[in-house]
Amino acid sequence: EVRLVESGGGSVQSGGSLRLSCVVSGYTAKSYSMGWFRRAPGAPGNEREGVGVVDSDGLTTYGDSVKGRATISLDITRNTLYLEMNSLRVEDTGMYYCVARPWIGPLGAWYEYNYWGQGTQVTVSS
């Protein structure tokens, strides 16, 4: 069973930074895309925005709203995925989810990802 467990959320002031972690267990496929999505407060339906993803070829891609402010990395020795963001804005507020899928491709939409963590809340205040 694949499990993704996030940690590191909390409250931070605008302009600050955060580091989220996601411990991955039970994942055995050789190909993968692992990354982060977020859901803003009041977002319609199941709408979730792609933050970024890293794949098993080592390619990392980011959503337009976080480019230049976000860094995703994967520590294979610790089975842990990280998201670091700086210059945080109020609009970065949301529930952040660790995600994974067993194939390589563009960041794509939320429904393309098979595995999800429970989420960790990030609140950015002005």
Peer 1: Is there side-chain contact between L20 and V122, with at least one heavy-atom pair below 4.5 Å?
Peer 2: yes
Peer 1: Side-chain heavy atoms nearer than 4.5 Å, only ILVMFWY residues, links allowed to pass through others: does that put V124 and L83 together?
Peer 2: yes
Peer 1: So for atom CD, which belongs to Q121, do other residues, nucleotides or ligands contribute more than 12 heavy atoms lying within a distance under 6.0 Å?
Peer 2: yes
Peer 1: Please tell me whether V53 and L18 are part of a single hydrophobic cluster in this structure, the criterion being side-chain heavy atoms less than 4.5 Å apart.
Peer 2: no
Peer 1: Do W103 and E112 have side chains that approach each other closer than 4.5 Å (heavy atoms only, starting at C-beta)?
Peer 2: yes
Peer 1: Looking at R39 and E49, is there a salt bridge between them, counting it only when a charged N and a carboxylate O are closer than 4.0 Å?
Peer 2: no
Peer 1: Checking D57 side chain against L59 main chain: does a donor-acceptor pair fall under 3.5 Å?
Peer 2: no
Peer 1: Could you see if L107 belongs to whatever hydrophobic cluster contains V51? Use Ile, Leu, Val, Met, Phe, Trp, Tyr and a side-chain cutoff under 4.5 Å.
Peer 2: no
Peer 1: Could you walk me through whether R48 and M95 pass side-chain contact (heavy atoms from CB on, under 4.5 Å), step by step?
Peer 2: CA-CA 9 Å; R48 301 176 187 190; M95 186 69 79; over 6 Å; no
Peer 1: Do E6 and Y96 touch side chain to side chain, with heavy atoms closer than 4.5 Å?
Peer 2: no
Peer 1: Which heavy atom of G9 sits nearest a heavy atom of T120, and at what distance?
Peer 2: N-OG1, 3.1 Å
Peer 1: Please walk me through it: do M85 and V66 pass side-chain contact (heavy atoms from CB on, under 4.5 Å)?
Peer 2: CA-CA 8 Å; M85 285 185 62; V66 303; 3.9 Å; yes
Peer 1: Tell me, do C22 and T80 make a side-chain contact under 4.5 Å, heavy atoms counted?
Peer 2: no
Peer 1: Grouping I, L, V, M, F, W and Y whenever their side-chain heavy atoms are under 4.5 Å apart, do L4 and I76 come out in a common cluster?
Peer 2: yes
Peer 1: How far does OG of S31 sit from CD1 of I104, to the nearest 0.5 angstrom?
Peer 2: 4.5 Å
Peer 1: If I compare all heavy atoms of S14 with all of S126, which pair ends up nearest, and what's the gap?
Peer 2: CB-CA, 4.1 Å
Peer 1: Start with the C-alpha gap between Y27 and M34, add the side-chain angles, then the distance that decides, and say whether side-chain contact (heavy atoms from CB on, under 4.5 Å) holds.
Peer 2: CA-CA 11 Å; Y27 193 92; M34 294 187 181; 3.8 Å; yes
Peer 1: Pairing donors with acceptors under 3.5 angstrom, does anything connect the side chains of E84 and S17?
Peer 2: no
Peer 1: Do I72 and V24 sit in the same hydrophobic cluster, where Ile, Leu, Val, Met, Phe, Trp and Tyr count as joined when their side-chain heavy atoms come under 4.5 Å apart?
Peer 2: yes
Peer 1: Starting at CG of L81, measure out to OG of S73 and round the result to the nearest 0.5 Å.
Peer 2: 7.0 Å
Peer 1: If you apply the rule side-chain contact (heavy atoms from CB on, under 4.5 Å), what do you find for Y97 with W110, and how did you get there?
Peer 2: CA-CA 10 Å; Y97 297 91; W110 63 269; over 6 Å; no
Peer 1: With a 4.0 Å cut-off on N to O distance, would you call K67 and D64 a salt bridge?
Peer 2: yes
Peer 1: Can you check whether G105's main-chain N or O pairs, donor with acceptor, with R101's side chain at less than 3.5 Å?
Peer 2: yes
Peer 1: Measure the spacing between CG of D55 and OG1 of T61 and express it to the nearest 0.5 Å.
Peer 2: 7.5 Å
Peer 1: With a 3.5 Å cut-off and no angle check, do the side chains of R38 and S65 form a donor-acceptor pair?
Peer 2: yes
Peer 1: Please name the pair of heavy atoms, one in N114 and one in P102, separated by the smallest distance, quoted to 0.1 Å.
Peer 2: OD1-CD, 3.1 Å
Peer 1: Please collect all ring pair (Phe, Tyr, Trp, His ring centres under 6.0 Å) contacts where either partner lies in residues 28-68, sequence neighbours excluded, each pair once.
Peer 2: F37-Y113, F37-W116
